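Note that ligands are numbered from 1 as they come in the structure, with each ligand's atoms numbered from 1 the same way. Quick caveat: nothing in here was measured; it's all calculated off a predicted structure.
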Amino acid sequence: MSSFNYIDGELHAEQVSLRQLAAQFGTPLYVYSRSELERQWRAMDEAFGDYPHQIYYAVKANSNLAVLQVLAQLGSGFDIVSGGELQRVLAAGGGAEKVVFSGVAKSEQELELAIREGVHCINAESEAELNRIQLVASRLQTTARVGLRINPDVDPKTHPYISTGMAEAKFGINMQAALARCRTAVDLPNVEIIGIACHIGSQIVTTTPFTEALQCVLEFVDQMQDLGISLQHLDLGGGLGIDYNGESPPSAQQYVGAILSCLHDRGVTLPVGIEPGRFICANAGLLLTQVEYLKSNGDKRFAVIDAGMNDLLRPALYQAEHRIVNVIESAPSQKCLDVVGPVCESSDVMARQCNIAAAPGDLLAIMSAGAYGFGMASNYNSRPRAAEVMVQNDRSSLIRRRESFEDLVRGEQFFEAD
Ligand SMILES: *Cc1c(COP(=O)(O)O)cnc(C)c1O
């Protein structure tokens with residue numbers, strides 16, 4: 001079931017015509033389905049049944065305030081990786097008491113904000129960071145709740161740029177050092193260890209890497225209990241993959257079921273947090289774009305579109321493959337073409353060798369663009385960032401206006417010697 005379907009031969013977002021959205025708001029345009037966001041969040045939440053749990057939506061996947069508000073209203077928690085993301089969560093009505101703070105380079109200012117606001121847990125990734133948390137918490141005369149993010153050295157079998165839990169990655173504390181870090185933390189007067197965290201990567205399409213990582217976490221739980229530390233939760237990170245172009249990832253039921261069965265086998269009843277990002281929002285969004293030109297160079301044929309790598313970086317950054325369809329339902333073309341963007345970089349290719357029917361002026365939809373799409377957008381080539389629209393049923397709402405030239409140069413000024 002998807003929220004993007006052809007109705008009378010024309011692609012719609014829920015019941016809203018994409019052709020009409022393009023006419024109203026222009027292209028490139030991000031379009032999100034509110035119903036799909038809610039469905040994905042609920043699928044994950046309900047998969048836990050009665051088991052104590054909290055969903056911490058990974059804000060970096062899509063941090064638009066309207067998206068965060070929809071999830072906050074469902075009762076979601078949030079996984080943040082910066083002070084800016086914490087401010088977004090609070091602005092969208094999310095509660096700090098349901099926030100976990102991840103990331104390898106938390107600054108003193110960010111830690112201070114997080115501790116002042118009373119986030120549920122700060123996931124520490126190094127001894128140096130533990131010491132910094134201690135410093136900031138003692139300055140604020142309070143105790144910081146901390147989780148240790150371990151690196152379980154598990155291969156998630158995904159693209160190397162989105163693998164985070166292998167020994168050579170910068171993330172987490174390796175298993176050998178983790179117990180020593182734990183001992184360090186126990187001696188810090190303003191730090192309370194409440195949990196263990198791990199996050200092994202993204203777009204993971206089988207359950208095995210998750211259960212392998214969980215086994216490492218559980219071994220570590222036993223060792224911590226031997227040290228007299230009583231944990232309040234296990235944070236198992238995000239990473240469940242989605243169907244971009246024919247992948248068949250586990251369902252929320254299968255993924256959570258695999259986690260719960262490991263916990264059950266070990267007799268563990270601790271509350272569990274998970275941090276899904278992509279799973280919640282990737283297939284709730286698409287990027288609507290218009291074909292500007294067709295051209296050929298020798299044997300190669302290109303459709304040049306008005307959305308580029310500055311709008312959607314994933315193909316250029318990760319060799320990601322997004323399905324692209326014509327908004328008007330049409331038979332596949334006999335001739336292959338590459339769909340390329342306007343940015344002056346050879347890597348600005350949205351898709352290679354597509355059998356898509358495309359003529360100048362046609363609208364194309366780049367599917368599965370709701371996660372790591374707008375959030376990674378930039379102004380490279382002085383291109384204003386796209387507008388974002390959210391739809392529900394037959395209603396649509398502009399949730400971020402298209403940027404203007406004034407937005408592009410905001411904050412810049414001419415040289416003035418003093
Ligand atoms: C990016 C990230 C996530 C979300 O990953 P998805 O693959 O989008 O589910 C969760 N936790 C941490 C710590 C992350 O860095």
Discussion item. Just by distance, no angles: are the side chains of Asn355 and Ser333 close enough, under 3.5 Å, to form a donor-acceptor pair?
Written reply: no
Worksheet item: Does CD in Gln353 sit with more than 12 non-hydrogen atoms of other residues, nucleotides or ligands closer than 6.0 Å?
Response: yes
Worksheet entry | Polar side chain donor-acceptor pair, Thr158 to Gln203, under 3.5 angstrom | no
Discussion item. Pairing donors with acceptors under 3.5 angstrom, does anything connect the side chains of Asp45 and His53?
Written reply: yes
Item to complete: Not counting sequence neighbours, which residues clear ring-ring contact (aromatic ring centres under 6.0 Å, His included) with His322? List them please.
Response: Tyr244
Discussion item. Ring-plane angle category for Tyr32 and Tyr30, please: parallel below 30°, perpendicular beyond 60°, tilted otherwise.
Written reply: parallel
Practice prompt. Select all protein residues for which some heavy-atom-to-ligand 1 distance is less than 4.0 Å, and list them by chain and number.
Written response: Ala58, Lys60, Asp79, Ser102, Arg149, His199, Ser202, Gly238, Gly239, Glu275, Pro276, Gly277, Arg278, Tyr372
